[in-house]
Amino acid sequence: MSTSTAEERRRAIVLAARRDGTVDVTVLATELGVAKETVRRDLRVLEDHGLLRRTHGGAYPVESAGFETTLAFRATSHVPEKRRVAAAAAELLGDAETVFVDEGYTPQLIAEAFPRDRPLTVVTASLPVAGLLAEVEHISVLLLGGRVRRGTLATVDHWTTKMLSGFVVDLAFIGANGISREHGLTTPDPAVSEVKAQAIRAARRVVFAGVHTKFGAVSFCRFAEVAALEAIVTSTLLPTAEAHRYSLLGPQVIRV
């Protein structure tokens, strides 16, 4: 990974982060043949440009219009945290009889946690969610038609949004690639953004569930304001003070 200019070096760092899901300062310094402080400076620049988010000792890629992690990758990152968040989100089901479940790995985990002993109608654009619930005796699944996106195995485009526009659901479990107080909920792909926005319009109650790394991240397409949410479910890795700032915008913030 020998590189000669700062621009080439930074491009190599972004490519490595997107390939591996994360990068380490010490490893990069060795591979690039530069000082750790040079790598740290590169990571600061890349974070300023919205390409990476720094962590202690490294960084991970920010999803954008040109880059999005696959469902397979999401099923390998922050999994224990996602399971805790999903279980807590599923407890908000209450007496809902009709539910929208978004695409993505955390919503899939929420669907796994649904009760199996009472009638429930689930509307989803996610093929994995539909497959997961189709065999459950008391759960009726409505799979939204449309073009299937390769990386996330979810349907999008006008067929999906038109079908969804005909429903009113009690509760929508929504995911996002990023959530920030200033820009709301965002996702890289305009087609996905349309489906999420339509699901929120169709729902009486909306719950966002996501791990702490989603907070402060901003992607290309905004589909909802934080105030549109009844609740935000995340983990205790989101600092208390930051959780309080989100709660001031309207939603209940639950940390598990």
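The first residue in the sequence is number 1, and the count goes up from there.
- Within the 3.5 Å criterion, the main-chain N or O of Gly175 finds a donor-acceptor partner in the side chain of Asp102.
- In terms of heavy-atom proximity, Lys82 sits nearest to Thr106 at CG-OG1, 3.5 Å.
- For the pair Arg255 and Thr236, the tightest heavy-atom approach, listed with the atom from each and the gap, is NH2-O, 3.3 Å.
- A continuous path of Ile, Leu, Val, Met, Phe, Trp and Tyr side chains, each step under 4.5 Å between heavy atoms, connects Leu46 with Val25, placing both in one hydrophobic cluster.
- Ring geometry, Phe215 versus Phe208: the interplanar angle exceeds 60°, so the pair is classed perpendicular (tilted spans 30 to 60°).
- The two atoms that bring Leu164 and Ala199 nearest to each other are CD2-N, 3.6 Å, heavy atoms only.
- In this structure, CG in Leu144 is found 12.5 Å from CG in Asp157, a value given to the nearest 0.5 Å.
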Given side-chain contact (heavy atoms from CB on, under 4.5 Å), test Leu153 with Gln108 step by step and report yes or no. CA-CA 12 Å; Leu153 296 178; Gln108 192 175 318; over 6 Å; no

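- Taking hydrophobic clusters as Ile, Leu, Val, Met, Phe, Trp and Tyr residues chained together by side-chain heavy-atom distances below 4.5 Å, Val233 shares a cluster with Leu171.
- When hydrophobic clusters are built by joining Ile, Leu, Val, Met, Phe, Trp and Tyr residues whose side-chain heavy atoms come closer than 4.5 Å, directly or via intermediates, Leu142 is not grouped with Ile110.
- Between Arg245 and Glu242 there is a salt bridge, with a side-chain nitrogen of the basic residue lying less than 4.0 Å from a carboxylate oxygen of the acidic one.
- At most 12 non-hydrogen atoms from other residues, nucleotides or ligands lie less than 6.0 angstrom from NE2 of His49.
- Between Glu7 and Arg10 there is no salt bridge, since none of the side-chain N atoms of the basic residue sits less than 4.0 Å from a carboxylate O of the acidic one.
- Side chain of His244 to main chain of Thr240: no donor-acceptor pair is present (N/O by atom type, distance under 3.5 Å, no hydrogens or angles).
- Considering every non-hydrogen atom in both Leu43 and Ala59, the closest pair reads CD2-CB, 4.0 Å.
- Listed for the Thr98 side chain is a donor-acceptor partner under 3.5 Å among the backbone atoms of Asp170.
- Side-chain contact annotation: Ser235 with Glu81, donor-acceptor N/O pair under 3.5 Å present.
- Of the charged side-chain nitrogens involved, none lies within less than 4.0 Å of a carboxylate oxygen, so that Glu182 and Arg222 do not count as a salt-bridged pair.
- Atom CD in Glu103 sits 10.5 Å away from atom CG in Leu127 (nearest 0.5 Å).
- Using a 4.5 Å heavy-atom cutoff, the side chains of Gln198 and Glu194 are not in contact.
- Here the closest heavy-atom approach between residue Phe100 and residue Thr124 is recorded as CE1-CA, 4.3 Å.
- Phe223 places none of its side-chain heavy atoms less than 4.5 Å from the side chain of Val192.
- Using a 4.5 Å cut-off on side-chain heavy atoms (C-beta onward), Arg116 and Glu137 make no contact.
- How far CG of Asp24 is from NE2 of His56: 10.0 Å, rounded to the nearest 0.5 Å.
- A continuous path of Ile, Leu, Val, Met, Phe, Trp and Tyr side chains, each step under 4.5 Å between heavy atoms, connects Leu185 with Val206, placing both in one hydrophobic cluster.
- Applying the 6.0 Å contact sphere to CG of Asp95 captures no more than 12 heavy atoms from other residues, nucleotides or ligands.
- Between Thr121 and Glu97, the closest side-chain pair of non-hydrogen atoms is not below 4.5 Å.
- Heavy atoms only, all atoms of each residue included: Pro188 and Pro190 are closest at O-CD, 3.7 Å.
- Taking the side chain as every heavy atom from C-beta outward, Leu237 and Val211 never approach each other to under 4.5 Å.
- Under a hydrophobic clustering in which Ile, Leu, Val, Met, Phe, Trp and Tyr are joined whenever their side-chain heavy atoms come within less than 4.5 Å, directly or via other members, Phe173 and Leu143 fall into different clusters.
- Rounded to the nearest 0.5 angstrom, Glu37 CD and Arg41 CZ are separated by 6.0 Å.
- Residues Leu229 and Tyr246 form no side-chain contact, since every pair of their non-hydrogen atoms from C-beta on lies 4.5 Å or further apart.
- Interatomic distance, Cys221 SG to Asp189 CG, rounded to the nearest 0.5 Å: 7.0 Å.
- Arg118 has its side chain within reach of Leu120: a pair of non-hydrogen atoms, C-beta onward, lies under 4.5 Å apart.
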side-chain contact (heavy atoms from CB on, under 4.5 Å) between Thr38 and Leu32, intermediate numbers included: CA-CA 10 Å; Thr38 302; Leu32 295 168; over 6 Å; no

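- For the atom pair CG of Leu249 and CD1 of Ile232, the computed distance is 8.0 Å after rounding to the nearest 0.5 Å.
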Any chance you could lay out the side-chain contact (heavy atoms from CB on, under 4.5 Å) test for Arg205 and Leu92, step after step, and finish with the verdict? CA-CA 10 Å; Arg205 300 165 52 211; Leu92 298 178; 4.3 Å; yes

Does the pair Arg18 and Leu51 meet the rule for a side-chain contact (heavy atoms from CB on, under 4.5 Å), with working shown? CA-CA 10 Å; Arg18 290 178 173 180; Leu51 293 166; 3.9 Å; yes

